[in-house]
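Step one of this worksheet: look at the structure below.
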Amino acid sequence: MNKGNRFFTIASSQCESLLRNFSAPNFLSETKKLHALIITSGLLSSSQLCSNLATTYAQCHHVSYASQLFDKLPKRSLFSWNTMMRMYVQMGRPNDALNVFVEMIHSGRGRPDNFTYPIVIKACSELLFFDMGIGVHGQTVKSGFDLDTFVQNSLLAMYMVVGETEEAQLVFDLMVEPTVVSWNSLISGYFRNSYAEEALRVYSRMMDEGVGPDCATLVSVLPACGVLKNVEVGREVHALALERGFWGNVVVRNALLDMYVKCGQMKEARLLLNGMNEKDVVTWTTLINGYVVNGDAKNALILCRTMQLEGVKPNLVSVTSLLSACGDLVSLRHGKCLHAWAIRQNLESEVVVETALVDMYAKCSDSSLSYKVFMKTSKKRTAPWNAVLSGFVHNKLARNAVQLFKQMLAENVRPDSPTLNSLLPAYAILADLKQAINIHCYLIRLGFLCKLEVASMLVDIYSKCGSLGYAHQVFDIIPPKDKDIIIWSAIIAAYGKHGHGEMAVSLFYQMVQSGEKPNEVTFTSVLHACSHAGLVDEGLSLFNLMLKKYQVIPRVDHYTCIVDLLGRAGRLNDAYNLIRTMPITHNHAIWGALLGACVIHENVELGEIAARWTFELEPENTGNYVLLAKLYAAVGRWRDAEMVRDMVNEVGLRKLPAHSSVEVSNM
DNA sequence: CTAGGGTTAG
């Protein structure tokens, strides 16, 4: 042996024990040094050491060294197979993990064990490889590993991920001793598959059976309390968190905070935040977003300042929420500030931020900027298209919306239900029958027509186009038992709009008979139908029905319909008294209804009162001046009529220009 | 060595 090499050699037993200790990513450089030492010591020929080195590299997440060494191994231990697969799953490469698994099976060089299956099953569920997952499940049954708790838990999780809740429940029911992990998977799985009630039921069963919950339990059950707005159970969980010492976990605290937010308990949420001494960016963002979704955008922006003052930087999620707040406040100034901030933070090319920016500019009525941001986004995702579409419709740029939708199809971007929810109102604005038939055919082809909200919007579109026949056809497609209050209201409004009062009223009673409880919107539609068709008695009795039987608190538009009804019947004083005695504040519409009636019945005294109110409440509407002039002319007061007409011209000059169109250039 | 968890646009 060469004496000079003595200091640089190392015994293979030493290597083995060192390698065993280097089993985490932060030992990568040590592993590399040891690797070099093994080579210079001539120990690489030892297959045992090579195997150890490969697995250590796998545990250090060094894919290329691990796989190079692993591929050359003459004999592979089960441990090394498993470690390779786990490395790939942990590195977010489940596909490669499955390739290793397939190689293992086909080469006949290894038999999967109870450690292999959970890794493989996890890879299947991450790839949504449902069929393969079932196959692996079958293999576990054949080999008897399906009785292993870890295997069962991973199977349960996989079935939940792919949406097979019944299969998951079956796995759970067959477990001899489900652990807290099994219960947690069941709870969060039901929640993620939108069975929130079931999630709560499982939780209470778990508590009844005396299974000790852990942090994950609380974090799994709290979102279910949130969507169900079940603050009672939420408070119980809160108490449990304090009692069992889970309060120290920031994730639990954030989940609790979000539960209060989702239940609309903003005061409690705020108190909770104020009482926390450790707050992370998620804590703040949860409350900021809470203010936004609970309609208090102003406080969201204020809270952002507070957060920054406490030294916490907003993240991508915070910015999207805050941009939404700016849209709600129609505050272009704040929105632009946030846009600039997002650019500085290099967040502006994140899809969620881009989408939020498009949406914010649209809500602030700046369609050009909205479109400009959209042009810079990646056009592959549906979300930015939806945002710019809904923005166009929001700003009444219906033609642009339809044009953009066609472009979207030309570029093979797949529309989803939000796309249609944004787009279809554009067709209602256009009121173009040919276009309506076009989109109708398209919806049939894509199978979107079975969706109730889509059908309801189509009813509205045909109604706006003046085609009651088509509207009714669409209405009839929906089976009676599936018809909801929205589609009923749409068809009632359609008939009402075109003066078919009797039909509207008849449909209203059909709806009641079908077991649907009319709401304030339905009553608005049917009352409007009555006033439009002059069905005075019918309208009054329906109004009575609304107050007495259905206990609907009337809004100003209900009163407007009644004023219109009474007015048409010549009962002008009754109408006037109703306005004066109703328990809510009047608006321009109700006085407009009275003014219209006064013109028909040539009542100057009340007409002047009504007109004065409309001028006050709606000074830019020239129609009211025209009505008053018409009234004066009808009773022969020509000079007064002339004077009012002159006022129209003055008002007309002050009128704002109509919305400008946005140029949709070729992309 | 293996299984379960929170905030996000339209």
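Numbers restart at 1 for each chain; the letters A, B, ... are given by sequence-line order, proteins then strands.
- Sorted by residue number, the members of residues 81-91 of chain A with any non-hydrogen atom under 4.0 Å from DNA chain B read A/N82, A/R86.
- The base of B/dG10 lies close enough to the side chain of A/D416 for a donor and an acceptor atom to sit less than 3.5 Å apart.
- Using a 4.0 Å heavy-atom distance criterion, A/D113 is classed as making no nucleic acid contact.
- Distance from the side chain of A/K363 is smallest for B/dG10 among the nucleotides B/dT8, B/dG5, B/dG10.
- Taking a 4.0 Å limit (strictly below) on heavy-atom distances, residues 259-267 of chain A does not reach DNA chain B anywhere.
- For the pair A/F70 CZ and B/dC1 C1', the interatomic distance rounds to 14 Å; values are reported in whole Å.
- Residue contacts shown for A/A383 include a base, since a base heavy atom lies under 4.0 Å away.
- Residue A/L323 contributes atom CG, which lies 10 Å from atom P of B/dG10 at whole-angstrom precision.
- Within 3.5 Å, no donor on the side chain of A/N421 pairs with an acceptor on the base of B/dG10, nor the reverse.
- A salt bridge links A/R235 to A/E268: one of the charged nitrogens lies within less than 4.0 Å of a carboxylate oxygen.
- At a non-hydrogen distance threshold of 4.0 Å, A/D280, A/V282 from residues 268-283 of chain A come into contact with DNA chain B.
- Closest contact between the side chain of A/N184 and the listed nucleotides B/dT2, B/dG4, B/dG5 involves B/dG4.
- Among the heavy atoms of the strands lying under 4.0 Å from A/S422 are primed sugar atoms or P, OP1, OP2 only; no base atom is included.
- As rounded to whole Å, 14 Å separates atom P of B/dG5 from atom CG of A/N249.
- Following rounding to the nearest Å, A/I119 (CD1) and B/dG4 (P) show an atom-to-atom distance of 12 Å.
- Within 4.0 Å of A/R192, counting heavy atoms only, lie sugar-phosphate atoms of the nucleic acid but no base atom.
- Atom pair A/H339:NE2 and B/dA9:C1' shows a separation of 15 Å (rounding to whole Å applied).
- In this structure, the nucleotide among B/dG4, B/dG10, B/dT8 sitting nearest to the side chain of A/V180 is B/dG4.
- A side chain to side chain contact (heavy atoms under 4.5 Å, CB included) with A/P425 is found for exactly one of A/M457, A/H394, A/K396, namely A/M457.
- Of the candidates B/dT7, B/dG4, B/dG10, the closest approach to any side-chain atom of A/T355 belongs to B/dG10.
- Residue contacts shown for A/L316 include a base, since a base heavy atom lies under 4.0 Å away.
- Considering only side-chain atoms of A/D359, the nucleotide from B/dA3, B/dT7, B/dA9 that sits closest is B/dA9.
- In this structure, A/E310 does not pair ionically with A/R305, as no charged nitrogen and carboxylate oxygen lie closer than 4.0 Å.
- Taking atom CG of residue A/L322 and atom P of nucleotide B/dT7, one finds them 17 Å apart after rounding to whole Å.
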CA sep, side-chain torsions, deciding dist, call: A/W385, A/F374, ring-ring contact (aromatic ring centres under 6.0 Å, His included): CA-CA 8 Å; A/W385 290 87; A/F374 169 74; 5.0 Å; yes
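- Atom C1' of nucleotide B/dG4 and atom CG of A/L155 are separated by 14 Å, given to the nearest angstrom.
- Minimum atom distance to the side chain of A/A216 is reached by B/dG5, of the listed B/dG5, B/dA3, B/dT7.
- Between the side-chain ring of A/F115 and the base of B/dT2, no stacking contact exists by the 5.5 Å and 30° definition.
- If you check every strand for non-hydrogen atoms under 4.0 Å, A/N114 touches a base.
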